[in-house]
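Heads up, the thing below is written out as structure tokens.
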Amino acid sequence: MSEIFKNIPPIQYKGANSTDPLAFKYYDAERVVLGKPMKEHLPFAMAWWHNLCAAGTDMFGRDTADKSFGAEKGTMAHAKAKVDAGFECMQKLGIRYFCFHDVDLVPEADDIKETNRRLDEITDYILEKMQGTDIRCLWGTANMFSNPRFMNGAGSTNSADVYCFAAAQIKKALELTVKLGGRGYVFWGGREGYETLLNTDMKREQENIARLMRMAVDYGRSIGFTGDFYIEPKPKEPMKHQYDFDAATAIGFLRQYGLDKDFKMNIEANHATLAGHTFQHELRVSAINGMLGSIDANQGDLLLGWDTDEFPQNVYDTTMCMYEVLKAGGLTGGFNFDAKNRRPSYTAEDIFHGFILGMDTFALGLLKAAALIEDGRLDAFVKERYASFDEGVGKRISDGTATLEELAARAEEMGAPALPSSGRQEYLQSIVNGILFG
Ligand code: XUL
Ligand code: CO
């Protein structure tokens, strides 16, 4: 097999002062941060769909990039060329994981038996390519949103036959994830939602989604899948209302249906901002519920109301992300670049610029988050801010031993309480700036 990205060398770390466009400025895989090499803090993954399939088509125009990789699109030869391109790309960048939807891997046939045969063939080839490398699967998933049959969703569809088709795709995608040694299996509810309640039985749809997830867990465990299932929350797009609106909603759903022991969250930065939250908020909600599993590492554009899936560039956001991840003790999943080049950045070299930007932005975020933790002022401030709950009546409240009558009696005795201590937001923001730019 010949080299596909001939003018791209293996990407090396050359330091912040390097002007080499094809070098890392901050991502130094072996550099130890808080006792662990960067590459272990940051298990990066390539998203098959963006990197090897998407070629710049948008609502108003066709492809700008050539992702044929020397083969005719829609053929198994092309599916194999994508594997070759993907592995070359990952190896040149030092990326050790990939994520896939079933239909990213092969052209979908009309008959699912034929699609599955193609999937068996391509995953045999992927397994061959994995041998002798340290590249592994991060997670797999089934695309249950592109084909017209899924116009009303998969678990949320009104058609029992379409529901069966979704079940068949999940079954196969789970088998493939196990075959490729994946750490996780994702449910992104792409069309699990609705446009209008005039035609929607919301309760039935939600119960059906939960049943599909339950069947997936039972089947996955029966074939030896020991990893985590993930819900990837997103509030809207393509549907107007999506049921997995945000982490809090998805966690409530999982608990309601007894799925919380098998599932965690896969938090995507761009989905967080579409839900009106910061990325950090979604990570914190997941972490305090013991459900921070994996991350779709991208960023949106706050001036646009849709999912732009940009490579991460905002160091403030990656710093606060890594702050949450470090405090949660790391991820069992990884950092999947669910990100694509801008439409006018259409050359093969741009692919590498995208990943270099994303990996450097996360490496900087890791370094800055570690510095914030080592500095300790933020932690100390928060601890002190709640100190009234560490002693006396506050401690009894925390212990759960106080009664409402006791607290009311105390309030009557004291008259008006003093104002709570200052939140000092501006002071804390200065500390963050000092560490980011000092
Ligand atoms: C769509 C999205 C998906 C999921 C996997 O917004 O993020 O690509 O990550 O289905
Ligand atoms: Co995603």
Side-chain angles (χ1 to χ4, degrees), residues 44-55 57-59 86 97-105 108 137-147 150 153-156 166 169-170 172-174 176-177 182-193 209 212-213 216 227-247 250 263-275 277 279 282-283 286 292-301 304-312 317 321 331 333-341 354 358 362:
F44 290 128
M46 175 196 76
W48 214 269
W49 54 101
H50 281 313
N51 201 38
L52 304 171
C53 308
T57 290
D58 70 11
M59 302 277 268
Y97 294 91
F98 61 87
C99 299
F100 70 92
H101 300 88
D102 43 5
V103 304
D104 301 336
L105 300 181
E108 198 179 359
C137 173
L138 184 64
W139 52 255
T141 188
N143 177 326
M144 304 187 298
F145 45 88
S146 294
N147 194 297
F150 295 121
S156 68
Q169 275 189 246
I170 294 170
K172 188 66 184 177
L174 271 166
L176 300 176
T177 302
R183 283 188 178 189
Y185 183 88
V186 163
F187 281 87
W188 168 58
R191 293 185 197 271
E192 310 291 45
I209 293 170
L212 196 55
M213 289 180 172
D228 288 319
F229 289 85
Y230 303 121
I231 282 187
E232 184 180 323
K234 186 176 182 183
K236 57 188 169 191
E237 196 203 17
M239 299 307 260
K240 179 170 162 185
H241 301 273
Q242 292 196 177
Y243 294 131
D244 303 325
F245 187 93
D246 60 2
F263 273 80
K264 289 191 165 71
M265 294 295 113
N266 179 40
I267 296 298
E268 176 164 326
N270 203 163
H271 296 179
T273 50
L274 286 175
H277 300 308
F279 184 22
E282 288 292 83
L283 296 166
S286 306
L292 178 54
S294 204
I295 286 177
D296 266 14
N298 64 11
Q299 71 178 35
D301 185 325
L304 300 174
W306 63 91
D307 200 12
T308 55
D309 284 347
E310 297 169 31
F311 279 97
D317 284 348
C321 166
L331 298 175
F335 297 82
N336 166 45
F337 287 111
D338 193 352
K340 61 188 176 204
N341 289 103
F362 265 92

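All values reported here derive from a predicted model rather than from experimental measurement. All heavy atoms count here, side chains included; hydrogens, waters and symmetry mates do not. Just so you know, ligand 1 is whichever comes first in the structure, and atom 1 is the first atom listed for that ligand.
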Step by step, would you call I295 with E268 a side-chain contact (heavy atoms from CB on, under 4.5 Å)? CA-CA 6 Å; I295 286 177; E268 176 164 326; over 6 Å; no
Under 30°, 30 to 60°, or over 60°: which ring-plane class applies to H101 and W139, parallel, tilted or perpendicular? perpendicular
Could you name the option among H271, Q242, E232 that has the heavy atom nearest to atom 4 (C) of ligand 1? E232
Structural part of D296 in contact with ligand 1, heavy atom criterion under 4.0 angstrom: side chain
Would you please test W188 and N266 for side-chain contact (heavy atoms from CB on, under 4.5 Å) and show each step? CA-CA 9 Å; W188 168 58; N266 179 40; over 6 Å; no
Give the atom numbers and elements of ligand 1 that come within less than 4.0 Å of a heavy atom of D307. 6 (O)
Where is the nearest protein heavy atom to atom 5 (C) of ligand 1: which residue, which atom, and how far? H101 NE2, 3.2 Å
Report yes or no: does D309 have an N/O/S atom closer than 2.8 Å to the Co ion (ligand 2)? no
Any chance you could lay out the side-chain contact (heavy atoms from CB on, under 4.5 Å) test for W49 and D338, step after step, and finish with the verdict? CA-CA 8 Å; W49 54 101; D338 193 352; 3.0 Å; yes
ang(OE2 E232, the Co ion (ligand 2), OD2 D338) rounded to 10° is 170°
Check D296 and report its N/O/S atom nearest to the Co ion (ligand 2), by atom name. OD2
Considering only N, O or S atoms of E268, the one closest to the Co ion (ligand 2): OE1
Tell me yes or no: between the side chains of Q169 and D102, is some donor less than 3.5 Å from an acceptor? yes
Which of the ligand 1 atoms, numbered from 1, are nearer than 4.0 Å to a heavy atom of K234: 6 (O)
Quick check: does any side chain N or O of Q299 sit under 3.5 Å from a backbone N or O of E310, one acting as donor and the other as acceptor? no
So, is W49 polar-close to ligand 1, with some N/O to N/O distance under 3.5 Å? yes
Flag W139 as yes when one of its N or O atoms lies below 3.5 Å from any N or O atom of ligand 1, and as no otherwise. no
Are side-chain N/O atoms of H271 and D296 paired as donor and acceptor at under 3.5 Å? no
Mind checking the OH-CZ spacing from Y185 to F229? Nearest 0.5 Å is all I need. 8.0 Å
